[in-house]
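What you see is a predicted model; the values in this text were computed from it and never measured. Position 1 is the first residue of the sequence, and the numbers go up from there.
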Amino acid sequence: MKGVTTYLTGDQLKEALGANQNKGATFTLLDDVKLPDGVSLFTHAGGDITLDCGSYTLSGNCESSALVYVNRDSLTLKGGTLKNTDPTGCCVAVSSKFGQFRMEGGTLLPEGGSGHAIEVYGSVTVTGGSVGESGKGLNLYSSGTATLSGGTFGDIHAENGLSSILAEGYAFCRDGKPVALTLDQKDIEGPVAVVKCTHPDTTAPQDKGDGTHSLSACLACGKSDGAEAHDWTENRLTCTVCGAAAVARMEPDGTLLTEAQLEATLNTVNGIYTLTLLRDLERSERLVVGQYVTCTLDLNGHTIRMTGSGMAIYTYGDSNVTIRGTGEIISVNSNALTVLGTATLEGGTYSGGRRRLR
């Protein structure tokens, strides 16, 4: 019970670990404990439990199962060694999405077969220790979450992506160097350590498609300086920071738009405005004038060329678009313009692969 020191034999440990009256208890090993073959420990106390193995080892032979199961509880490991000697088993399984396992130190030793040191359906936090360092370390399923700010690990699989399991400002490190991660990377081969990131490699600023660009981001930990608006000051058609190209100007306010912004504006923004092209556009997807959108498109001597399978411009019903100025709208394989709403043609040349306008 909490506030009472009780000495247990190895045989009594399983029952005590799962007893409701032991919420908040700390279990401290005073010697090595080997569980009978096939016997696992289960936390069922419904509260916070701490296991401190000190310099000792808790071991067992648990075929296709875990040495310790964390159910709807919170278990903290402070030291010592947990060892599953069966190659198909794991050391700790957070078997419920409500379960929480925190590792502040110690060593988890799976036998080195198909089992990981930790299998996670709930949540795990690791601030130190060794997690299957010489074999398979951590396996997170889609419901599993992790926060890693220390420790060394064997192979790691994170179904929702490795970048989501690192604490802010931390990175995987191999041979003393932070490991760059790709955006959707789910697996990393061990051994790797989790350390404070030194941000050795950063991405260049990237156009975000909304009138802003991302600032430099670390490839290892993902730390970013945020985003800022495009800088058109030196070259009015190219952002001086990320190189994004302005393809149109929106009047009457003179806002410069990238191609992604032009697409979004035509599709969703309703109002009295004019979009003036500033560059030729070669596209693989059609431009869409959305339902209820009213606008003017000034070709301004430029060409919109559709090389994909569809029409170059498609207008939804209840839209109203005026196309003016010199220039061309071309679809290599379909109609230059398909109108379900209203289109007023005050200029331009229209060429389609089907050689008709409807």
Distance-only, no hydrogens or angles: does the N335 side chain make a donor-acceptor pair with backbone N or O of L337 under 3.5 Å? no

Let me know which of L51, D52, T125, T50 forms a side-chain contact (heavy atoms from CB on, under 4.5 Å) with T76. T50

For A193, does its backbone N or O pair with a side-chain atom of T152 as donor and acceptor, under 3.5 Å? no

Short side-chain to backbone donor-acceptor contact, S40 and V68, under 3.5 Å: no

Where the side chain of D207 meets the backbone of A244, is there a donor-acceptor pair that is under 3.5 Å apart? no

Can a donor-acceptor pair be found, under 3.5 Å and without considering hydrogens, that links the side chain of T307 to the backbone of R283? yes

Using the side-chain contact (heavy atoms from CB on, under 4.5 Å) definition, which of the options I118, T107, V92, I156 pairs with V131? I118

Of H213, K208, Q206, which meets side-chain contact (heavy atoms from CB on, under 4.5 Å) against C242? H213

Please indicate whether K97 has more than 12 foreign heavy atoms, meaning atoms of other residues, nucleotides or ligands, lying under 6.0 Å from its NZ. no

Step by step, work out the salt bridge (charged side-chain N to carboxylate O under 4.0 Å, His left out) result for K34 and D37. CA-CA 9 Å; K34 185 180 185 306; D37 287 355; 3.5 Å; yes

After noting the C-alpha distance and the side-chain angles of D298 and R324, does the key distance pass the salt bridge (charged side-chain N to carboxylate O under 4.0 Å, His left out) rule? CA-CA 5 Å; D298 188 340; R324 72 186 187 194; 3.5 Å; yes

Just by distance, no angles: are the side chains of E328 and Y350 close enough, under 3.5 Å, to form a donor-acceptor pair? no

Approximate separation, where rounding is to 0.5 Å, of E104 CD and T127 OG1: 5.0 Å

Consider only side-chain N and O atoms of T43 and N71, and report whether a donor and an acceptor are under 3.5 Å apart. no

For L277 and I304, run side chain to side chain contact (heavy atoms under 4.5 Å, CB included): C-alpha distance rounded to whole Å, both residues' side-chain angles, the deciding distance at 0.1 Å, then the answer. CA-CA 9 Å; L277 288 188; I304 299 174; 3.7 Å; yes

